[in-house]
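Computation of the quantities below employed the complete heavy-atom set of this structure, encompassing side-chain atoms and omitting hydrogens, waters and symmetry-equivalent molecules.
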Amino acid sequence: MDDSSNKSTAEQEMLLRRQRERRKRIHRIKTGIISFIVIYILASIVMLFVLSFSAASMHRQIRDLSEKVSKLEAAKAARKTIIESVQPQSDILVADTKTAEKNLAGEKDTLKVYLTFDDGPSSYTNKILDILDDYGVKATFFVVGKNDEDSRIAMKRIVNEGHTIGLHSFSHKYSDIYASLEAFSADFEKIRKYVYDVTGIDSKYYRFPGGSSNTVSQTDMSEFIKFLDEKNITYFDWNVANGDETSSDYTVEELIENVMNDVVKYKTSVVLMHEAADKGRTVESLPRLIELLQQKGALILPISRDTTVIQHVKLKEGE
């Protein structure tokens with residue numbers, strides 16, 4: 001009886017153990033299925049988020065690329081506008097087409113190129129001067145009134161190393177400079193005196209912010225031109241530009257191409273460039289640009305009294 005009872009008890013325990021193991025297996029299976037479903041749902045959510053983010057990012061990239069293309073096209077169109085197309089701003093201003101026609105280059109003409117940098121001194125001035133020194137060429141710097149020690153040192157270096165220093169207004173604030181003849185005169189005298197006090201040079205060269213053909217001035221540009229004439233100051237515009245004034249999207253190669261495509265057209269090319277804080281590509285392009293100009297046999301010179309004057313508009317003769 002005892003053996004039979006023990007056997008029955010052992011069988012019951014075995015049966016219970018099997019049931020527990022079966023329940024455990026079922027629990028593990030259920031847990032696995034639930035975990036799989038949860039992981040699948042979470043992965044789907046993450047994937048959906050990633051795809052949504054990627055789609056949004058791609059949309060932004062397409063939009064930015066479209067804007068960039070539009071800007072480049074607009075900038076190229078603006079750069080191709082040469083001085084023959086400049087419209088007079090008053091009845092005593094005329095496009096300087098005679099000089100433009102005489103300045104067209106022939107096959108045997110030696111090209112004269114004047115590299116000019118506006119809006120300095122800047123954090124790039126010394127780098128530009130180093131590059132110019134490396135290649136043994138001189139340039140022209142149209143400076144504004146930056147009254148800090150680094151700027152004063154840079155201006156002295158410009159002059160000491162044989163470059164031409166020109167005036168580009170003191171404040172470079174269009175609304176202030178062009179408000180009236182009195183405002184323009186005051187700003188001019190301020191930058192003229194400042195440059196003289198720092199460098200000892202009484203500069204005779206001026207570049208209007210925006211050029212003589214700018215459409216920003218609310219005052220007739222002829223008033224300012226007459227004023228400079230009376231002061232024996234020659235103002236210089238440009239007939240070639242690298243494009244950094246119209247767009248920050250140009251690559252180094254495009255900046256160089258913009259210049260090289262146009263300098264071959266003229267006996268004298270005054271090249272507009274800038275050296276503000278966001279013009280790093282202009283500085284980067286400078287060595288290769290100089291090399292290509294030298295390969296063309298061009299003379300790279302600083303503006304002087306012997307330079308053919310490039311002006312977008314000027315007073316009629318006799319005015």
**Asked** Please walk me through it: do L301 and T307 pass side chain to side chain contact (heavy atoms under 4.5 Å, CB included)?
**Response** CA-CA 9 Å; L301 305 166; T307 305; over 6 Å; no
**Asked** Looking at CD1 of I201 and CG of N160, how far apart are the two atoms once the value is rounded to the nearest 0.5 Å?
**Response** 9.0 Å
**Asked** Is a side-chain donor-acceptor pair under 3.5 Å present for R305 with T234?
**Response** yes
**Request:** State whether the side chain of N258 and the backbone N or O of E254 hold a donor-acceptor pair below 3.5 Å, judged by distance alone.
**Result:** yes
**CD-CG distance between E230 and L228, expressed to the nearest 0.5 angstrom** = 9.5 Å
**Request:** Treat each ILVMFWY residue as a node, draw an edge where side-chain heavy atoms are under 4.5 Å apart, and state whether I26 and I37 are in one component.
**Result:** no
**Item:** side chain to side chain donor-acceptor pair (under 3.5 Å) pairs, two or more places apart, involving residues 103-112
**Value:** none
**Request:** Say whether, by atom type as modelled, one donor and one acceptor occur between the side chain of S269 and the main chain of V113 under 3.5 angstrom.
**Result:** no
**Complete:** Value for CG (D202) from CG (L167), rounded to nearest 0.5 Å, stands at 8.5 Å
**Request:** Considering only NZ, NE, NH1 and NH2 on the basic side and carboxylate oxygens on the acidic side, decide whether E223 and K226 come within less than 4.0 Å.
**Result:** no
**Prompt:** So do the side chains of N239 and H312 get within less than 4.5 Å of each other, counting heavy atoms only?
**Reply:** no
**Request:** Return the minimal non-hydrogen interatomic distance between A183 and D176, and the atom names on each side.
**Result:** CB-O, 3.2 Å
**Asked** For the residue pair K102 and K267, what are the closest heavy atoms and their distance?
**Response** O-NZ, 3.2 Å
**Asked** Could you walk me through whether K279 and D119 pass the side chain to side chain contact (heavy atoms under 4.5 Å, CB included) check?
**Response** CA-CA 11 Å; K279 306 303 180 184; D119 300 348; over 6 Å; no
**Item:** Between T116 and R207: side-chain donor-acceptor atoms closer than 3.5 Å
**Value:** yes
**Side chain to side chain, V143 and P121, heavy atoms closer than 4.5 Å** = yes
**Request:** For the residue pair E245 and M273, establish whether any side-chain heavy-atom pair is separated by less than 4.5 Å.
**Result:** no
**Asked** Are T282 and D244 close enough that a side-chain donor and a side-chain acceptor fall under 3.5 Å?
**Response** yes
**Asked** In terms of side-chain heavy atoms, does S151 have a donor or acceptor partner in D148 at a distance below 3.5 Å?
**Response** yes
**Asked** For the side chain of S35 and the backbone of T31, is there at least one donor-acceptor N/O pair under 3.5 Å apart?
**Response** yes
**Request:** Would you mind telling me which of H168, H163, E275 makes a side-chain contact (heavy atoms from CB on, under 4.5 Å) with F117?
**Result:** E275
**Message:** Run the side chain to side chain contact (heavy atoms under 4.5 Å, CB included) test on S213 and D237 for me, step by step, so that the C-alpha distance in whole Å, both residues' side-chain angles and the decisive distance to 0.1 Å come before the verdict.
**Reply:** CA-CA 9 Å; S213 61; D237 289 311; 5.9 Å; no
**Message:** So for atom NZ, which belongs to K127, do other residues, nucleotides or ligands contribute more than 12 heavy atoms lying within a distance under 6.0 Å?
**Reply:** no
**Message:** Determine whether a donor-acceptor pair (N or O, by modelled atom type, separation under 3.5 Å) exists between the side chain of T140 and the backbone of T164.
**Reply:** no
**Heavy-atom closest pair, residues I233 and S203** = CD1-O, 3.6 Å
**Item:** Heavy-atom closest pair, residues G162 and P302
**Value:** O-CG, 4.4 Å
**Prompt:** Counting N and O atoms only, with roles assigned by atom type, does the side chain of R281 sit under 3.5 Å from a partner on the main chain of Y250, one being a donor and the other an acceptor?
**Reply:** yes
**Message:** Are more than 12 heavy atoms, taken from residues, nucleotides or ligands other than Q218, located less than 6.0 Å from that residue's CD atom?
**Reply:** no
**Request:** Please answer: with hydrophobic residues joined when any side-chain heavy atoms are less than 4.5 Å apart, are F188 and Y196 in the same cluster?
**Result:** no
**Request:** For the pair T199 (side chain) and V195 (backbone), establish whether a donor and an acceptor sit closer than 3.5 Å, ignoring hydrogens and angles.
**Result:** yes
**Prompt:** Any idea how F208 and Y178 line up, ring-wise: parallel (<30°), tilted (30 to 60°), or perpendicular (>60°)?
**Reply:** tilted
**Request:** Using the six-membered ring wherever Trp is involved, compare the ring planes of F184 and F227 and label them parallel, tilted or perpendicular (cut-offs 30° and 60°).
**Result:** perpendicular
**Asked** How close do F141 and T125 get, heavy atom to heavy atom, and via which atoms?
**Response** CE2-CG2, 4.5 Å
**Asked** Say you draw a straight line from CD1 of I41 to CZ of F36; how long is it, rounded to the nearest 0.5 Å?
**Response** 10.0 Å
**Message:** Less than 4.5 Å apart, side chain to side chain, heavy atoms only: is that true for D187 and S169?
**Reply:** yes
Indicate every side-chain donor-acceptor pair of residues 128-135 with a distance under 3.5 Å to a residue at least two apart or in another chain.
from : atom 1 : to   : atom 2 : distance (Å)
D130 : OD1    : R157 : NH1    : 3.3
D130 : OD1    : R157 : NH2    : 2.5
Y135 : OH     : E291 : OE2    : 2.5

**Request:** Return yes when atom NZ of K190 has more than 12 non-hydrogen atoms of other residues, nucleotides or ligands closer than 6.0 Å, and no otherwise.
**Result:** no
**Fill in**
Value for CD1 (I300) from CG (L289), rounded to nearest 0.5 Å, stands at 7.0 Å
**Heavy-atom closest pair, residues G280 and Y124** = CA-OH, 3.3 Å
**Asked** Counting only N and O atoms by type, is there a donor-acceptor contact under 3.5 Å from the side chain of S44 to the main-chain atoms of Y40?
**Response** yes
**Asked** So do V309 and K314 actually touch side chain to side chain, heavy atoms under 4.5 Å?
**Response** no
**Asked** Are side-chain heavy atoms of L286 and L115 found at a separation under 4.5 Å?
**Response** yes
**Message:** Checking F142 against H274 for the side chain to side chain contact (heavy atoms under 4.5 Å, CB included) test, could you report, in this order, the C-alpha distance in whole Å, the side-chain angles of both residues, the deciding distance, and whether it holds?
**Reply:** CA-CA 9 Å; F142 287 100; H274 295 77; over 6 Å; no
**Prompt:** Honestly curious: do I34 and L42 fall in one hydrophobic cluster under the side-chain, below-4.5 Å linking rule?
**Reply:** yes
**Item:** Any Q294 side-chain heavy atom under 4.5 Å of I290 side chain
**Value:** yes
**Request:** Say whether, by atom type as modelled, one donor and one acceptor occur between the side chain of Y174 and the main chain of G210 under 3.5 angstrom.
**Result:** yes
**Prompt:** Do Q311 and S212 have side-chain N/O donor and acceptor atoms under 3.5 Å apart?
**Reply:** no
**Request:** Evaluate salt bridge (Lys or Arg N to Asp or Glu O under 4.0 Å) for K231 paired with E189, printing each intermediate quantity in order.
**Result:** CA-CA 10 Å; K231 296 289 184 178; E189 294 298 345; 3.2 Å; yes
**Message:** Strictly distance-based, threshold 3.5 Å: is any side-chain N or O of D262 a donor or acceptor partner for the main-chain N or O of V259?
**Reply:** no
**Complete:** CZ of R288 to CG of L293, rounded to nearest 0.5 Å, is 10.5 Å
**Message:** If we ignore hydrogens and angles and just use 3.5 Å, is the side chain of K138 paired with the main-chain N or O of Y114 as donor and acceptor?
**Reply:** no
**Asked** Under 4.5 Å between side-chain heavy atoms, hopping through other hydrophobics if needed: is there a path connecting L104 to V240?
**Response** yes
**Prompt:** Does the side chain of S222 come within less than 4.5 Å of L315's, by heavy atoms?
**Reply:** yes
**Y235-V216 co-clustered via ILVMFWY side chain contacts under 4.5 Å** = yes
